[in-house]
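Keep in mind that this is a model prediction, so the values were computed, not measured.
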Amino acid sequence: MSASSAKSKAKAPALSDQEIQQTYVRLQNELQALARKIGELESEADEHSLVLTTLDEALAEDPDRKCFRLIGGVLVERTVKDVSPALKTNRDGIHKVMANLAEQYKSKEKDLEEFKREYNIRPRGHHLPPTHSIASRNTLRQIDAFLDAHNIVRAEHNATALKWSLDLAQKAESWVDQCRFEHTNGVLSEQPYGENIAAGTGVFPISAAVASFVADKDQYDPANPTYLHFTQVVWKSTTEVGCAVNQCRGIFDPSLGSASLYVCLYNPVGNVIGSAS
């Protein structure tokens, strides 16, 4: 046997049509089970975050304020300063489990894709849950909302749809966690990236944040291009985006309460002088 043939990849074992179908369905079911579990954890993490937002406000005003926590099916009286750290620990633990499940999902997704190639399987009309959500604290709903808000505007200006970047989302998280309502000025990566930032009190959803990014579009003059928040959103060579949001106090007047701070990062960077089109 020649050296080259000895190193050749082993062929897939011969399977009957029934065995191929059974294996394919099993791999699909495993992926869907992981996706359901991740979805459940996302909802649980969301609930923790909502409670923590309320507790953080109470913590700033009266740390000894009484509250109740359900422990072992029994409501137990605690203080806000006792409950808040425990909830944060629980939420962080949920995120770690989600990250672990995300890695399992990616591994099994790879196995499925390899199996499909080996046996030339081309499913019709079947879509497995996306993997871009996990390992960051963004939920599937949030990611879809960020992408939809951007891509609706981009479609109006003949720019291709953006894809989600987990790496950019994690960098955005690291910035919003500092509750600094200012641009990062490129400190999050050695590679250049674009960015938009917005904050608002009260009801300030993702759609409103992205709408604020493009609020300066009327200032754009194609005959004399300027570089705006809007132009970064619709920059044609940009292909991916990652965003994060955090509830922050101290951004605005304390009487207005906490604010939703949004940061979106873009790659490749837009607003490149001399490249407007």
(message) Treating Trp164 as the side-chain partner and Asp144 as the backbone partner, does any N or O pair qualify as donor plus acceptor under 3.5 Å?
(response) no
List the atom pairs, donor and acceptor, that lie under 3.5 Å between side-chain atoms in residues 254-269 and the rest of the protein, sequence neighbours left out.
unit_1	atom_1	unit_2	atom_2	d
Ser255	OG	Asp253	OD1	2.6
Ser258	OG	Glu57	OE2	3.0
Ser260	OG	Gln247	NE2	2.8
Tyr262	OH	Phe204	O	2.7
Tyr262	OH	Ile206	N	3.3
Tyr266	OH	His150	NE2	2.7
Tyr266	OH	Asn196	ND2	3.2
Asn267	ND2	Glu240	OE2	2.9

(request) Please round to the nearest 0.5 Å and tell me the distance separating atom CG of Leu55 and atom CG of Asp82. (result) 11.5 Å
(request) Give a yes or no on this: more than 12 heavy atoms of other residues, nucleotides or ligands lie within 6.0 Å of atom CZ of Arg65. (result) no
(message) Are Ile197 and Val187 connected into the same hydrophobic cluster when the rule is that any two of I, L, V, M, F, W, Y join if their side-chain heavy atoms are below 4.5 Å apart?
(response) yes
(request) Determine the minimum heavy-atom distance between Thr79 and Pro63, stating which atoms define it. (result) CB-O, 3.9 Å
(message) Please check: side-chain N/O of Arg78 versus main-chain N/O of Lys66, any donor-acceptor pairing under 3.5 Å?
(response) no
(message) Once rounded to the nearest 0.5 Å, what's the spacing between atom CD of Gln191 and atom NZ of Lys171?
(response) 9.5 Å
(request) Check Glu195 against Gln232 and note the closest heavy-atom contact, atom names and distance. (result) N-OE1, 4.3 Å
(message) Between Glu173 (side chain only) and Ala244 (backbone N and O only), is there a donor and an acceptor less than 3.5 Å apart?
(response) no
(message) Under a 4.0 Å threshold between the charged nitrogen and the carboxylate oxygen, would Lys116 count as salt-bridged to Glu113?
(response) yes
(request) Kindly compute the distance separating CG (Asn29) from CG (Leu34), expressed to the nearest 0.5 Å. (result) 11.0 Å
(message) Looking at Asp92 and Lys96, is there a salt bridge between them, counting it only when a charged N and a carboxylate O are closer than 4.0 Å?
(response) no
(message) Within the 4.5 Å heavy-atom criterion, are Asn246 and Trp175 side-chain neighbours or not?
(response) no
(request) Taking only Lys NZ, Arg NE, NH1 and NH2, and the carboxylate oxygens of Asp or Glu, determine whether Lys81 and Asp64 approach each other closer than 4.0 Å. (result) yes
(message) So Thr160 and Lys236, do their side chains get closer than 4.5 Å, heavy atoms only?
(response) no
(request) In sequence, state the C-alpha distance, the side-chain angles, and the governing distance for Arg91 and Val51, and then conclude on side chain to side chain contact (heavy atoms under 4.5 Å, CB included). (result) CA-CA 11 Å; Arg91 183 188 62 184; Val51 174; over 6 Å; no
(message) Would the distance check show the side chain of Asp216 and the main-chain N or O of Leu228 forming a donor-acceptor pair, the cut-off being under 3.5 Å?
(response) no
(request) Show the numbers, then the answer: is there a side chain to side chain donor-acceptor pair (under 3.5 Å) between Asp17 and Gln21? (result) CA-CA 6 Å; Asp17 289 345; Gln21 182 178 5; over 6 Å; no
(message) I want to check something: taking the side chain as every heavy atom from C-beta on, are Trp235 and Tyr227 in contact at a cut-off of under 4.5 Å?
(response) yes
(message) Would you compute the distance between atom CE of Met98 and atom CD1 of Ile94 and round it to the nearest 0.5 angstrom?
(response) 8.5 Å
(request) Determine yes or no for a side-chain-to-main-chain donor-acceptor pair under 3.5 angstrom, with Thr23 supplying the side chain and Glu19 the backbone. (result) yes
(message) Under 6.0 Å between ring centres: does that hold for Phe230 and His157?
(response) yes
(request) Say whether Leu41 and Tyr105 are linked into one hydrophobic cluster, either directly or through other cluster members, by side-chain heavy-atom distances under 4.5 angstrom. (result) yes
(request) Could you pull out the closest heavy-atom pair between Ala172 and Gly242, with the gap in Å? (result) CB-O, 4.1 Å
(message) Tell me the closest heavy-atom pair linking Asn100 and Gln104, and the distance in Å.
(response) OD1-NE2, 2.8 Å
(message) Closer than 3.5 angstrom, by distance alone: can the side chain of Arg249 be matched with the main-chain N or O of Ala60 as a donor-acceptor pair?
(response) no
(request) For Tyr24 and Gln28, test the side chains for any donor-to-acceptor distance below 3.5 angstrom and give the result as yes or no. (result) yes
(request) Report the C-alpha separation of Lys108 and Leu27 in whole Å, then their side-chain angles, then the decisive distance to 0.1 Å, and conclude whether the side chain to side chain contact (heavy atoms under 4.5 Å, CB included) test is met. (result) CA-CA 7 Å; Lys108 289 187 178 295; Leu27 290 171; 5.9 Å; no
(request) Using the rule that two of Ile, Leu, Val, Met, Phe, Trp, Tyr join whenever any of their side-chain heavy atoms come within less than 4.5 Å, decide whether Leu59 and Ile251 are in one cluster. (result) no
(message) Between Leu168 and Val241, is there a side-chain heavy-atom distance shorter than 4.5 Å?
(response) no
(message) Using 0.5 Å steps for rounding, measure from the CD atom of Glu118 to the CG atom of Leu15.
(response) 10.0 Å
(request) Give a yes or no on this: more than 12 heavy atoms of other residues, nucleotides or ligands lie within 6.0 Å of atom CD of Glu182. (result) yes
(message) Could you check whether any side-chain N or O of Ser84 sits under 3.5 Å from a backbone N or O of Val80, counting only pairs where one atom can act as donor and the other as acceptor?
(response) no
(request) Rounded to the nearest 0.5 Å, what's the gap from CG on Leu101 to NZ on Lys106? Could you check? (result) 12.0 Å
